[in-house]
Amino acid sequence: MQVKVAKSAGFCFGVQRAVDTVYEQVEKGIRPIYTYGPIIHNEVVVQDLEEKGVRVLDSKEELEALTEGTVIIRSHGVGREIYDLIQKKGLICVDATCPFVKKIHRTVEKESAAGRQIIIIGNDKHPEVEGIKGWCHTPAIVVESSEQAEALELAENSSVCIVSQTTFNYKKFQDLVEILDKKRYDRVVVNTICNATEERQTEARQIADEADAMIVIGGSHSSNTQKLFEICRKECENTYYIQTVDDLNLGVLRSTGLVGITAGASTPKKIIEEVQKRCQN
Ligand code: F3S
């Protein structure tokens, strides 16, 4: 059987970079090490790091209680006050914020300083949006739905700057910007959507289209893996959703020509390679 693994399977560039950063710090051996929030939503990775002495800080209060150590900022980024707090406490800051998210921080900081009202298209509860808000000089407005966009009431000709959460759906972003356009604001729109998710989906669709069987790897609660599974299922009826190599049923794949493999955004490379090897052997 022939096996084809999607290049975009698993971690995106920013998450891979953040995870690598934590392991680099572990290698350096200077303890204690903390990550501000879990570095990714994958229990296997978080647990492995815990065994290596990396602790997860779940709140600002926990950060405040520290007296020494290194604090790693994950790819989602954080607001300015967290950096200030790390510095004030005399802790070492290792910043693994994704450069694409960093760019949004710089944009909102600059535009809000210039007097523009920042409008963030995204989910108000998402840590990335929390972090972006934390770089605005004046309170930002978060818009996620068309109802919220319609209901927005700012004076005509108000100066606004619209940015987006990196993982927001592009089509929905366009729709919301269109609604806001009708309000005649003096606006700057910066499309800050990252195409890592879209690329992963496009490639999965292409591979599933030519494959005889398709394997999608990811956590059972991962919504982006679920989405990948649905996309692949549409192109290839023999699509299987597995969490680890242990779930792989080679019996059903045996007489297959081409097997395609993709994985959700929080699936480590190691798990993808194990599945690939098992199929090849
Ligand atoms: Fe990943 Fe950075 Fe894009 S964390 S999804 S590469 S914005």
Side-chain angles (χ1 to χ4, degrees), residues 6-25 35-42 45-46 49 56 71-80 82-83 93-109 118-136 140 142 144 161-174 176 189-205 216-219 221-229 231 262-272:
K7 285 191 202 75
S8 56
F11 297 172
C12 61
F13 149 80
V15 169
Q16 184 67 59
R17 185 172 165 272
V19 172
D20 290 348
T21 303
V22 185
Y23 281 100
E24 276 161 24
Q25 291 300 317
T35 60
Y36 193 71
I39 198 77
I40 52 161
H41 292 291
N42 182 290
V45 175
V46 173
L49 286 168
V56 176
V71 180
I72 303 170
I73 311 286
R74 56 186 178 171
S75 57
H76 293 318
V78 292
R80 173 190 288 236
I82 301 297
Y83 290 92
C93 179
V94 174
D95 192 356
T97 306
C98 177
F100 300 137
V101 177
K102 261 271 150 318
K103 192 180 141 211
I104 308 178
H105 293 173
R106 284 197 298 266
T107 302
V108 297
E109 190 185 18
I118 304 296
I119 301 176
I120 307 166
I121 308 259
N123 175 343
D124 202 4
K125 294 203 181 70
H126 195 283
E128 181 192 318
V129 173
E130 276 295 315
I132 298 170
K133 282 197 283 187
W135 284 93
C136 302
V142 182
E144 189 177 14
C161 169
I162 306 172
V163 297
S164 171
Q165 184 182 332
T166 55
T167 47
F168 205 76
N169 177 284
Y170 180 61
K171 169 83 181 54
K172 219 167 137 196
F173 172 77
Q174 274 180 317
L176 297 181
V189 182
V190 190
N191 173 5
T192 48
I193 294 175
C194 163
N195 50 14
T197 311
E198 204 187 310
E199 268 171 24
R200 191 182 301 110
Q201 293 177 355
T202 307
E203 196 188 8
R205 190 178 291 116
V216 181
I217 318 165
H221 299 298
S222 157
S223 60
N224 78 83
T225 312
Q226 186 68 44
K227 181 92 212 248
L228 274 181
F229 175 74
I231 289 170
T262 187
S266 48
T267 307
K269 212 187 271 167
K270 194 170 144 248
I271 298 185
I272 304 171

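Atoms within a ligand are numbered from 1 in the order they appear, just like the ligands themselves.
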S.K.: Could you tell me, atom by atom, which parts of ligand 1 come under 4.0 Å of a heavy atom of T166?
M.R.: 7 (S)
S.K.: Nearest non-hydrogen contact with atom 2 (Fe) of ligand 1 belongs to which option: C12, S75, P99, C98?
M.R.: C98
S.K.: What is the distance from atom CD1 of I217 to atom OG of S266, rounded to the nearest 0.5 Å?
M.R.: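 Rounded to the nearest 0.5 Å, the CD1-OG separation comes to 11.5 Å.
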S.K.: I'd like to know if K133 and E130 make a salt bridge, using a cut-off of under 4.0 Å between side-chain N and carboxylate O.
M.R.: yes
S.K.: Does a side chain donor of either E199 or S8 reach within less than 3.5 Å of an acceptor in the other side chain?
M.R.: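 Looking only at side-chain atoms, S8 and E199 do not form any donor-acceptor pair under 3.5 Å.
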S.K.: Students often mix this up, so state it plainly: with edges at 30° and 60°, are the rings of H105 and W135 parallel, tilted or perpendicular?
M.R.: parallel
S.K.: For atom 6 (S) of ligand 1, what is the closest protein heavy atom, and at what distance to 0.1 Å?
M.R.: G14 N, 3.5 Å
S.K.: How close does the nearest protein non-hydrogen atom get to atom 3 (Fe) of ligand 1, and which residue and atom is it?
M.R.: C194 SG, 2.3 Å
